Amino acid sequence: MRELKIVAVVVAFSVLTYYLVEPYAHHEMHKQVDAQGVEIKVESHGFTYDGSDDIAEAERKGDVALAQKKKAFWAEVADISKLKGDAAVGEAGFALCLGCHTDTGTNLGGVVPPSLEHAGRIYDKNYLIALLKDPAMASNVNHKYADTLLHPMGSIASMMSDKQQIADVVAYLLEKKAGEVTPEEAYDEACMRCHALRYANITQLGKTPSFKQEKDALAHKIKVLDEQDAIKAYMGKLPPDLSMIIRARGEHFMETFIENPQSQLAGTSMPRVGLNHEGYEKVKEYLTEAGDPSKKAREDLGPWVIGFFVLFALLAFLWKKHQWRELH
Amino acid sequence: MAHFEKANSLGEWFEQRIGLSTLNRVLNTEYWIPKDINFLWAMGMLLAATFGLLVISGIFLLMYYKPDSNLAFDSVNYTIMSQVGYGWLWRHIHGVGASIIFLVIYIHMFTGIYYGSYKRGRELIWLSGMALFVAFSAEAFSGYMLPWGQMSYWAGMVITNLFSGGSLEAYGLVEWIRGDYVPGDAFLTRFFMLHVLLLPLAIIGLIVFHFGALRLPHVNNQQGAEIDFKEAAELYKAGKKKESKVIPFSPVFLSKDVFVMGVYFILFFYLVFYNFEFAMDPVNFDPADGLKTPAHIYPEWYFLWSYEILRPFGKDVGLVAFGIAQLALFFLPFIDRSPNVAPAHKRGLFVVWFWVLIIDMIVLTAMGKLPPTDPTFALIGKLAAWTFLALGPILVLITSFEKKIGKGA
Ligand code: HEM
């Protein structure tokens, strides 16, 4: 039938145009190529960390020495990972952490060290090991530091000299600091020290309380501004508010970026955070609550509205048939 | 003062004063439409319906939107999207509607071109249609500024920059348009005014004119056949519906319009709920930041073909080519020299011209978004732009030699 042929032509051209300006163009726009023009595939590793990205980056830069260093580093991490840690022994080592991770909101070297209450739950085991060996290497921002000791948590390297000690502290975290975590707690511990989230009323200093006096509100605001200045000095720029980030970036970008910020923004100062799969899902849930809270309502309502129009079209078709019955 | 009897019913009361039944006859039951038309003739009604949907959803958005460069982003993304009940639904309908209406406009235009519905009495329909296209483009662009995201800001910057006229360096004009050196509050509020008042008024006026221009020449038909509407209408009214070449708009043609509309709305709401990123660009969910240029600045998909005519040339040549491209389609009724009103496939070379035009515009659209830094894409874009520019003179040539088709096709 002629009319169906026309439908087919119209649909074919529309779909072709859609394919070209959406999936294809976006693939071409965000394609990364190395110096030889070969496409670099940026892929998620399921929120596990073995340094393969970091090593490949160093190799692509042609920095052989750095690549060697990273290889050795992550090989050692893998070794420590095999050791059997003793949580009871690790508790003593963990006391060292509390010297900085005070949970009092005190800035230290640029940011407020996060609460470690769920560290064993939201971070990957290998990442934690790497972090205690060398924070700058672990979070893949070693390019910013001539010496790891300059990293605000860098002195940990001198405190944790022994492989077994690291294994013990990590075992402690995985056992004692691994309770149920809410999406908000995951966000607070992993991202909040750098990123405000104004749609959830969150600044780098946590939830903004409601003040009775305007004076107190302003005083708090000044504290926030001071904190932001410190972060700016540390990061080189104020990390963006993440309120709408869930709509502004695609799933693939978010996953690969959180696993390894360098993979999407080469040279960025944002450190790798080291979330495991659960940690990421929780953070994502919280970002969705802030930036796309109607996602669920949308998905629930969709079938009803579409169903209505299917019915509508069906009835309209019958009406049309009826009206046109005597015409041919 | 005319003589008025006391009315016995509300219907009669209106009948006396506004002539409802005459109105109904003229606009509906005796507005004759050729029988030999396909679903492409329902596109006009789809446009009217989508425009209606845009107006309604726009009114809801307008209740919460704040035209202030400090508040706009959050009023849309926080207040409307998460605080107002179903605010997200109105916004998605508005965003998807604004994008998909252009797909329908393009289908509608190409239908007109294919069947030669722009000439021999239908010039005003075409010209008012093109005016609608321009008005809709301005409406879409001004609306795109309102959420004050990164793409709003940078598209606003790039497009207003075009008014500097290349080497003319008319930066004064650019500043006058912006009300500032760079897009800012004054820029946002004036585009707000344009978007919610002046342009919609102009569009409504143009739609009325477009419909009016249709009434005397009537819509075309699949064969471009000339119809004696009076005679055909008499046949129809005498009950010889099979023999008559026409049908009344309402309810007969309307029933088909409504069916096509139903199918269209299935697609429409699928996009609203599940696939909206083509219409609501993720980049625009980053707030406007004058200090941070996005990695890729591109217009919405429906402007890409003309953007690509601008881009591959040097700045002056590009602007001239762009200007020609904007205006070229207006002249279609006058550069098509053939006397035939017939579907393209009966018009010899014209059908080749038609498909080359479509493919060329799709190629331009694709290249307009792809990064111009890639030499292959840049070259294809340039060739496509030249092709577009050449299609005008070629049309004059091939239609001048087109053979006249005998009547009664
Ligand atoms: C959103 C804006 C528009 C609306 C609401 C609209 C509406 C309509 C309607 C209801 C019809 C009659 C039914 C049909 O043939 O589809 C029509 C016909 C027509 N329109 Fe539009 N239109 C719009 C934009 C345009 C544009 C952009 C053009 C092209 C420049 C155009 C060109 C035409 C032509 C040539 C016809 C006559 C078709 C024929 O005789 O077969 N219209 N329009």
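In what follows, chains are A, B, ... by sequence order, proteins preceding strands, each numbered from 1. Note that the coordinates shown come from a computational prediction; the quantities given were computed from them, not determined experimentally.
Within the 4.5 angstrom heavy-atom criterion, no atom of Leu311(A) approaches chain B. Pro240(A) does not touch chain B: none of its heavy atoms, backbone or side chain, sits under 4.5 Å away. Contact of Val9(A) with chain B is made through the side chain alone, with heavy-atom distances under 4.5 Å. For a residue to count as touching a neighbouring chain, one of its non-hydrogen atoms must lie under 4.5 Å from one of that chain's; by this rule Asp36(B) does not touch chain A. The part of Phe377(B) that comes within reach of chain A is its side chain, from C-beta onward, which places non-hydrogen atoms under 4.5 angstrom from that chain. Heavy atoms closer than 4.5 Å to chain B are found nowhere in Leu315(A), neither backbone nor side chain. No part of His322(A) comes within reach of chain B, as not one of its non-hydrogen atoms sits under 4.5 angstrom from that chain. At a 4.5 Å heavy-atom cutoff, the contact between Ile358(B) and chain A is made by side-chain atoms alone. Contact of Val10(A) with chain B is made through the side chain alone, with heavy-atom distances under 4.5 Å. For Ala297(A), the parts lying under 4.5 angstrom from a heavy atom of chain B are both the backbone and the side chain. Heavy-atom distances place no part of Tyr19(A) under 4.5 Å from chain B, backbone and side chain included.
The shortest non-hydrogen separation linking Gly262(B) to Ala313(A) is C-CB, 3.8 Å.
With ring centers used as reference points, Phe273(B) lies 6.0 Å or more from Trp304(A). Two rings, from Phe312(A) and Phe265(B), have their centers 6.0 Å or more apart.
The most heavy-atom pairs under 4.5 Å with chain A, out of Lys35(B), Gln150(B), Met81(B), come from Lys35(B). Across Asp286(B), Leu89(B), Ile107(B), the residue that shares the most heavy-atom pairs under 4.5 angstrom with chain A is Asp286(B).
A donor-acceptor contact shorter than 3.5 Å is absent between the side chain of Gln323(A) and the backbone of Pro251(B).
Of the candidates Phe317(A), Trp319(A), Phe309(A), Trp324(A), Phe259(B) forms a ring pair (Phe, Tyr, Trp, His ring centres under 6.0 Å) with just one, namely Phe317(A).
Heavy atoms of other residues, nucleotides or ligands lying less than 6.0 angstrom from NZ of Lys31(A) number more than 12.
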